[in-house]
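Scroll down for the structure; my scribbles are underneath it.
Just so you know, these numbers use all the heavy atoms, side chains as well, and skip hydrogens, waters and symmetry mates. Order of listing sets the numbers, starting from 1, for every ligand and every atom in it.
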Amino acid sequence: MLLRVAVNTPLRRCFDYLAPADHRGSAPLPGTRISVPFGHRREVAILLETPARTDAPPAKLRRAHAILDATPIIPADMLSLLRWASEYYRHPIGEVLAAALPAALRHGASPAGGRTGWRLTAPGRAADPDTIAARAPLQARMLTALGRCDPTGLAGEELRGLGASVRPALRALQAKGLIEACSLPSSLPEVIRSAEPGPELTAAQREAVAAIRADFGSFMAFLLFGVTGSGKTEVYLELAREALARGLQALVLVPEIGLTPQLVRRFERRLATPLALMHSGLGDRERLESWRAARSGQARVVLGTRSAVFAPLPEAGLIVVDEEHDTSYKQQDGFKYSARDLAVLRARRERIPIVLGSATPSLETLHNVYRGRYRRLDLPERAGCANQPRIEIVDLRHHAVQEGISTPLVLRIQGHLERGGQVLLYLNRRGFAPTLFCSECGWIANCLRCDAHLTLHRSSHQLRCHHCGAARPPETACPACGCEVHPVGEGTQRIEDALARLFPAAPALRIDRDTTQRRGQIEAKLEAARRGEARILVGTQMLTKGHDFPEVSLVGILNADQGLFGTDFRSSERLAQTILQVAGRAGRAERPGEVLVQTLYPEHPLLRKLVTEGYEPFARAALEERRATSWPPFSHLALLRAEAPTRQAPLDFLERARGLAPGAANGIALLGPAPAPMERRAGRFRAQLLIQAAARASLQRLLSDWVGQVALLPEARRVRWSIDVDPVELF
Ligand SMILES: [Zn+2]
Ligand SMILES: [Zn+2]
């Protein structure tokens, strides 16, 4: 018997083995783990099929060591989804399967709960412990204890406390047929017994729930388009409750930054059911436990980030992708999949509804709504507060600016503080200042290994590169001309300093990656912010997602311009999403909020559209631009990236790769090769070749042969290269 398996290697192929020598009986099913010799190592591989014949020369055909599972560890539908993803994203199948499984399983751990124990049999349940209490007191105590934990059972070590010679007593009970060995469920945290009631749903929430509920049991993709604060999470909770009531499991995906302890507690309290958490902060052991709980059906709800899209769910009934526009759903290295897109495909294949929630949906998703492929449900109003915050533009060309804060914003902050409001200032740049600059000769503090400025961090007295992590003490004088150097531009640290001077009576709190590195720090800071101890909050992206600050009445966006003229065709979409996410922090409770956006380009048409008309008119205009310029969703992209220690090697490789691609037939254009927007990073030169196709199918046709040929190029060995299908970042 032949076994064709996937091994966790970057090689783009499968491997054939002979079945283990001691194997008898029928062929194992695809998705089963097989222990195989691989080079000089022993590897845990995944069985893909049992082919009738192989091309491998008989002399080279090796025998597998062992078949590790009685039933497939990856069920057939998930295996088929993963094989599809491997094809679509052109990533080696072995690495794709490895990405979908907890590491412990790839090292041979048991897929069922590792703990074995004992439980009562039917005669055991009927037996009266008192009748044997006189002759065999220990056995009687065991029956009583197991009766209390029926039908789950107890671990051997838990029974050990009952007496001295536990083992013979267990054997005696087993011989009498009163108890049997069993595998114990994995240890999930204690569950709250009764669900906490939620707030009464608004009419729009009720309608959304009813519409989605009507499609339980069949595939439908919904866009839940709800402004920030409109209560999307209440809709998710109600739907999850519905799934539970029908005996189904629910999968809820949230962005990395949104999986907060508050969200977990909210789900636990409201659903009173075992949750399995899956996120990057888990250790191997916890990850395995969550996977087991989901697979055994013990966990009815899986709450997780990107990779949770691969969670095993034997009774899947519903998938939710919250903040569907968030770019963290796209894996940026290794297996570059989109968890949102795979979630939609999974829902379609498992014939269950999927809900994509957002206040600022991606243009791709809106396009799918406009084409009638997704169904749209609106949550127009804010729960508890009908007023959307008012957004105003501050023209930085016409107002004095001190350390990044314009006079109108200073006055507005003052006003809000006097009325007892809380103020949030957003700046997507940590550190003190973007860099050091010599105004005499134009010298700038650059990273030696990247095409980037070093950021000045004054509290740690360092210049740091945010791209490669390099750090050095800041120059006191210009190394070129000896003149004094000055920090230019603003980072969150500098804003914090400026606020301390401008508003000495109002305590400020800075929340960015630099102030929240230790475990628990971000929680403590957010809690202080919510309690209102800090009157002014300064922060980056970290401050804006998924956190509620009911007292915030004024939001200031200090520099909107970084997004307006970005190198990426998605820059304006990102900027609009960020502005509205940040604006959504204002006025969430009873008080109406105000938002000030500082910019040097107040006339920018998309920015005006966003501020005066709102997100959807902006999105329609932005989609028109994309149509006119043939960017996604009106075309389909793949990006071939390469990097090497020399400038020429990546360009040579990409030039050869381009030469292998068939000409511009089928509406396919090859753009490049060109150096990446940031050509040098961490000492390596980077370049890219963009493939743009009018139709997804023609792009896939091109990639199917081409990527394999590219991998065989001699130039490929001189660079590090990767292919990114549907890239979200073009650098
Ligand atoms: Zn100088
Ligand atoms: Zn660097």
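- Counting only distances under 2.8 Å, and ignoring water, the protein N, O or S atoms around the Zn ion (ligand 1) are C438 SG, C441 SG, C478 SG, C481 SG.
- Relative to the ring axis of F432, R458 places its NZ or CZ within 45° and under 6.0 Å from the centre.
- The aromatic rings of F653 and W721 are tilted relative to each other, their planes meeting at an angle between 30° and 60°.
- Screening the protein for N, O or S atoms under 2.8 Å from the Zn ion (ligand 2) yields 4; no waters enter the count.
- Note that the NE2 atom of H107 and the CD atom of E43 stand 8.0 Å from one another [nearest 0.5 Å].
- Between F634 and H367, the two ring planes are perpendicular [angle over 60°; tilted spans 30° to 60°].
- For E533, the CD atom counts as densely surrounded, since its 6.0 Å shell holds more than 12 non-hydrogen atoms of other residues, nucleotides or ligands.
- L425 pairs in a side chain to side chain contact (heavy atoms under 4.5 Å, CB included) with only one of the listed residues (I413, I557, L537, V555), which is I413.
- With D451 as the partner, the salt bridge (charged side-chain N to carboxylate O under 4.0 Å, His left out) test is satisfied by one option alone out of R681, R680, R686, R684: R680.
- Shown are H457, R513, H453; of these, the side chain to side chain donor-acceptor pair (under 3.5 Å) with H466 is made only by H457.
- The side chain to side chain contact (heavy atoms under 4.5 Å, CB included) test with L671 singles out one residue from Q688, Q692, R658, and that residue is Q692.
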